[in-house]
Amino acid sequence: MNRSLKALLLAACLLLASFTLAAAEVRPGAFTLSPMIGYQGFDSNLDIDDSAVYGLGFGYNLNRNWALEADIRYAPTEAEFSGGPDVDVWTVTGNVLYHFQPEQTLVPYLVAGLGGLQYNIDGT
């Protein structure tokens, strides 16, 4: 496992450990803001290095069962070959969520959505 992946996993564990367990609640008319950090593994046929991913999600609860959500994510990476260009990968998604038991502490949900992905390669 490379150093950057280990550092990312350690940071994620420390961040998760700093949160306390909160009761989930679906409130109609509430907005949500969700910062994200993760790791993107690219298909080896693309010749792009795997990378950390940073993102931000926005949501709105239409009522107790239905919600809308959108997010944008950014993965700064580069081509795998020597001297390859930098590659910025942007992902945008829009989702509809259905909460099955919005009054419970644990709220299972089903999500469906659409998204797009764009590669920006330096020099093109």
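Here the structure is a predicted model, which is why all the values come from computation and not from measurement. Positions are given from 1 along the sequence.
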Using 0.5 Å steps for rounding, measure from the OH atom of Y109 to the CG atom of N95.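 Going from OH on Y109 over to CG on N95, the span is 9.0 Å.
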In Å, rounded to the nearest 0.5 Å, how long is the span from CZ of F100 to CG of L106?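 If I round to the nearest 0.5 Å, the distance is 12.5 Å.
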Is the number of heavy atoms from other residues, nucleotides or ligands under 6.0 Å of L114 CG greater than 12?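 Count not over threshold, so no.
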Does a sphere of radius 6.0 Å around OH in Y60 hold more than 12 heavy atoms from other residues, nucleotides or ligands, not counting ones at 6.0 Å or beyond?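 Atom OH in Y60 is crowded, with more than 12 foreign heavy atoms closer than 6.0 Å.
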Tell me, do [X] and [Y] make a side-chain contact under 4.5 Å, heavy atoms counted?
X: Q101; Y: P108; value: yes
X: Y98; Y: W66; value: yes
X: V89; Y: L117; value: yes
X: I72; Y: W90; value: yes
X: V53; Y: Y39; value: no
X: L97; Y: E69; value: yes
X: R64; Y: E103; value: yes

Would a distance-only check, ignoring hydrogens and angles, find a side-chain to backbone donor-acceptor pair under 3.5 Å from [X] to [Y]?
X: D50; Y: F42; answer: yes
X: S51; Y: P76; answer: yes
X: N61; Y: N63; answer: no

Start with the C-alpha gap between D88 and Y119, add the side-chain angles, then the distance that decides, and say whether side chain to side chain donor-acceptor pair (under 3.5 Å) holds. CA-CA 6 Å; D88 294 329; Y119 295 90; over 6 Å; no
Can you name the one residue among I48, D49, I121 that meets side chain to side chain contact (heavy atoms under 4.5 Å, CB included) with E78?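 By the side chain to side chain contact (heavy atoms under 4.5 Å, CB included) criterion, E78 pairs with just one of I48, D49, I121: D49.
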With D47, which residues qualify under side chain to side chain donor-acceptor pair (under 3.5 Å), at least two apart?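 With neighbours one apart ignored, the set is empty.
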With D71, which residues qualify under side chain to side chain donor-acceptor pair (under 3.5 Å), at least two apart?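 Partners of D71 by the side chain to side chain donor-acceptor pair (under 3.5 Å) criterion, ordered by chain and then number, come out as R73, T93.
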Would F58 and L68 count as a side-chain contact (heavy atoms from CB on, under 4.5 Å) here? Give the steps. CA-CA 8 Å; F58 306 92; L68 300 175; over 6 Å; no
Taking all non-hydrogen atoms of both residues, which atom of Q104 and which atom of V107 are closest, and how far apart?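 Reported closest heavy-atom pair: O-CG2, 3.4 Å.
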